[in-house]
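Atom set for the values below is all heavy atoms of this structure, side chains included, hydrogens, waters and symmetry mates excluded.
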Amino acid sequence: QKQIQTMTSSEDDGVVIAWPLDDCTDEQLKKIAQLRKITQSWEMTDRIRNWVDDLTLFRFLRGLDWDMDVTKGQLKETLEWRESYRPDLIEYEDVKEVARMKYLYQIGEDLNHKPVMYLELGLDKAGYTDEDNLMRLKFVIYTMERTVEKMRKGVFSITWIIDCKNTSLTVRAIKANAKMFGNLGNYYTEQLSKSIVVNPPWTIRVLWGVIKLFIAKETAAKYTFISGKAKHQATAFDTLISPDQRTQKYFGNIEFDYDPDKEAAKDIKRLSQEVEAITAESTEETHDDDQQSASKEAEDEHLIHVDVQV
């Protein structure tokens, strides 16, 4: 029977990430094993089955308070969505017109080595027709999938910086974004680490004052609001993200002029190199197996020859 995966990853830069499942109780580990056994009976393609690893099972169970029935339902719905929508197969060409508005991108990590995604609402010049909203959703999903692919081993959540500067945040815009992120929350369970809302208008602060009264304290704690003078904002950012991991626009040290075409080219090159490495590893393993098989056949032939002589 397959055992729960346990490991600690160490990257080339010396950062060590503890494996999240190491902190699970025996009862929680049993639930992960139980959920894995359940998913093994579900019909799915190899592409989807490879996505359902122990960390994914852990994410869904933890995000849904370890409620097995609720988790089964949401996980199954997510797998069906991934099979039909194919989020991991969205290509840059599918979203490049939206990407070139430069309002959504990923760069750097927070203090816990979780990737940081920037959403500059004021740069989003698309409309709010159904077609616009669908394209906006596809672009967010594309960016999240690329970000998840680049995460360090053992890291599973993302920190968001949502900048409200130069945006009016109309009721229509708020509804569109709320619906989009609400749906994504179901399909990317427990992948929100923290949302840092920058330059929020007073209307957002008033709404938040009411909303947080009706949500769990753990959920409310994931949201931080930063506004005020530059020095105050820089100090607030420093408690969450190192200046060396932030762009100069957000009082950091990184000189970054986001070029979506160049970033997409880097992703394509990285994915190509990963495929080549996996192919080479598979070829080497096949070669080793062939050598072992040939050695075994030679040994068997030798034994047969000895038996005949005897």
Take Val98 and Met135, measure what side chain to side chain contact (heavy atoms under 4.5 Å, CB included) needs, and give me the verdict at the end.
-> CA-CA 7 Å; Val98 187; Met135 183 54 69; 2.9 Å; yes

Distance, nearest 0.5 Å, that separates [atom1] of [X] from [atom2] of [Y]:
{"X": "Thr71", "Y": "Leu57", "atom1": "OG1", "atom2": "CG", "answer": "9.5 Å"}
{"X": "Lys30", "Y": "Cys24", "atom1": "NZ", "atom2": "SG", "answer": "13.5 Å"}
{"X": "Gln34", "Y": "Leu61", "atom1": "CD", "atom2": "CG", "answer": "9.0 Å"}
{"X": "Leu104", "Y": "Tyr142", "atom1": "CG", "atom2": "OH", "answer": "11.0 Å"}
{"X": "Leu121", "Y": "Lys165", "atom1": "CG", "atom2": "NZ", "answer": "13.5 Å"}
{"X": "Ile158", "Y": "Trp160", "atom1": "CD1", "atom2": "CH2", "answer": "6.5 Å"}

Would you find more than 12 non-hydrogen atoms of other residues, nucleotides or ligands less than 6.0 Å from Lys150 atom NZ?
->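 Enclosed.
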
Counting heavy atoms not belonging to Asn50, are there more than 12 under 6.0 Å from its CG?
->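 Yes, the 6.0 Å shell around CG holds more than 12 heavy atoms from other groups.
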
Can any side-chain N or O of [X] pair as donor or acceptor with the backbone N or O of [Y] at less than 3.5 Å?
{"X": "Asp94", "Y": "Ile90", "value": "no"}
{"X": "Lys102", "Y": "Tyr258", "value": "yes"}
{"X": "Arg62", "Y": "Glu190", "value": "no"}
{"X": "Gln245", "Y": "Glu109", "value": "yes"}
{"X": "Ser227", "Y": "Val198", "value": "no"}
{"X": "Asp110", "Y": "Asn112", "value": "yes"}
{"X": "Gln191", "Y": "Ser193", "value": "no"}

Matching residue for Ile141 among Lys138, Glu145, Met144 - test: side-chain contact (heavy atoms from CB on, under 4.5 Å) =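 For Ile141, the side-chain contact (heavy atoms from CB on, under 4.5 Å) check succeeds only for Glu145.
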
Taking the side chain as everything from C-beta on, heavy atoms only, tell me whether [X] gets closer than 4.5 Å to [Y].
{"X": "Phe251", "Y": "Pro243", "answer": "no"}
{"X": "Lys72", "Y": "Ile38", "answer": "yes"}
{"X": "Pro260", "Y": "Lys96", "answer": "no"}
{"X": "Arg136", "Y": "Tyr128", "answer": "yes"}
{"X": "Asn253", "Y": "Gln248", "answer": "no"}
{"X": "Val116", "Y": "Ile107", "answer": "no"}

[X] and [Y]: same hydrophobic cluster, using ILVMFWY side-chain contacts below 4.5 Å?
{"X": "Val140", "Y": "Leu119", "answer": "yes"}
{"X": "Leu21", "Y": "Met68", "answer": "yes"}
{"X": "Leu75", "Y": "Leu29", "answer": "yes"}
{"X": "Leu79", "Y": "Phe58", "answer": "yes"}
{"X": "Ile32", "Y": "Trp19", "answer": "yes"}

Just one of Arg59, Arg36, Lys31 clears the salt bridge (Lys or Arg N to Asp or Glu O under 4.0 Å) bar with Asp54, so which one?
->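 Checked Arg59, Arg36, Lys31 against Asp54; only one passes salt bridge (Lys or Arg N to Asp or Glu O under 4.0 Å): Arg36.
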
Any pair counted as salt bridge (charged side-chain N to carboxylate O under 4.0 Å, His left out), so long as it reaches residues 249-261, sequence neighbours left out |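 The answer is Arg100-Asp261, Glu120-Lys249.
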
Heavy-atom pair of closest approach, residues [X] and [Y]:
{"X": "Val70", "Y": "Asp67", "answer": "N-OD1, 3.1 Å"}
{"X": "Pro20", "Y": "Gly154", "answer": "CG-O, 3.2 Å"}
{"X": "Asn186", "Y": "Thr78", "answer": "O-OG1, 3.5 Å"}
{"X": "Leu111", "Y": "Thr239", "answer": "CD1-O, 3.4 Å"}
{"X": "Ala126", "Y": "Asp124", "answer": "N-OD1, 3.1 Å"}
{"X": "Ser195", "Y": "Ile162", "answer": "OG-CD1, 4.3 Å"}

Quick one: side-chain hydrogen bond (donor to acceptor under 3.5 Å, both in side chains) partners of Thr189, sequence neighbours excluded?
->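 Once residues adjacent in sequence are excluded, the partners of Thr189 under the side-chain hydrogen bond (donor to acceptor under 3.5 Å, both in side chains) criterion are Gln74.
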
Under the side-chain hydrogen bond (donor to acceptor under 3.5 Å, both in side chains) test, which residues partner Asp163, sequence neighbours left out?
->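 Only Asn199, Tyr250 meet the side-chain hydrogen bond (donor to acceptor under 3.5 Å, both in side chains) criterion with Asp163.
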
Qualifying residues under side chain to side chain contact (heavy atoms under 4.5 Å, CB included), relative to Lys76, sequence neighbours excluded =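 Counting only residues at least two positions away or on another chain, Lys76 forms a side chain to side chain contact (heavy atoms under 4.5 Å, CB included) with Trp42, Glu80.
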
For Thr224, enumerate each residue passing the side chain to side chain contact (heavy atoms under 4.5 Å, CB included) test, keeping only those at least two apart in sequence or located in another chain.
->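 Checked Thr224 against side chain to side chain contact (heavy atoms under 4.5 Å, CB included); matches are Lys194, Ile226, Leu240.
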
Any side-chain donor-acceptor pair under 3.5 Å between Thr235 and Asp238?
->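 Note: Thr235 and Asp238 side chains miss the donor-acceptor criterion.
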
Geometric class of the Tyr118/Tyr105 ring pair [parallel <30°, tilted 30-60°, perpendicular >60°] =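 Parallel: the ring planes of Tyr105 and Tyr118 meet at under 30°.
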
What class does the angle between the rings of Tyr188 and Trp81 fall in, given that below 30° is parallel, 30 to 60° is tilted and above 60° is perpendicular?
->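 Rings of Tyr188 and Trp81: perpendicular, over 60°.
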
Going through the checks in order, is the side chain to side chain contact (heavy atoms under 4.5 Å, CB included) test met by Val15 and Arg152?
-> CA-CA 9 Å; Val15 173; Arg152 297 175 184 270; 3.5 Å; yes

Please lay out, stage by stage, how Ile161 and Phe237 fare under the test side chain to side chain contact (heavy atoms under 4.5 Å, CB included).
-> CA-CA 10 Å; Ile161 292 180; Phe237 269 118; 3.7 Å; yes

With sequence neighbours left out, what residues match Glu83 under salt bridge (Lys or Arg N to Asp or Glu O under 4.0 Å)?
->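 For Glu83 the salt bridge (Lys or Arg N to Asp or Glu O under 4.0 Å) partners, ignoring immediate neighbours, are Arg47.
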
Go through Phe139 and Tyr92 one step at a time and tell me if the ring pair (Phe, Tyr, Trp, His ring centres under 6.0 Å) criterion holds.
-> CA-CA 9 Å; Phe139 177 45; Tyr92 180 68; 8.3 Å; no

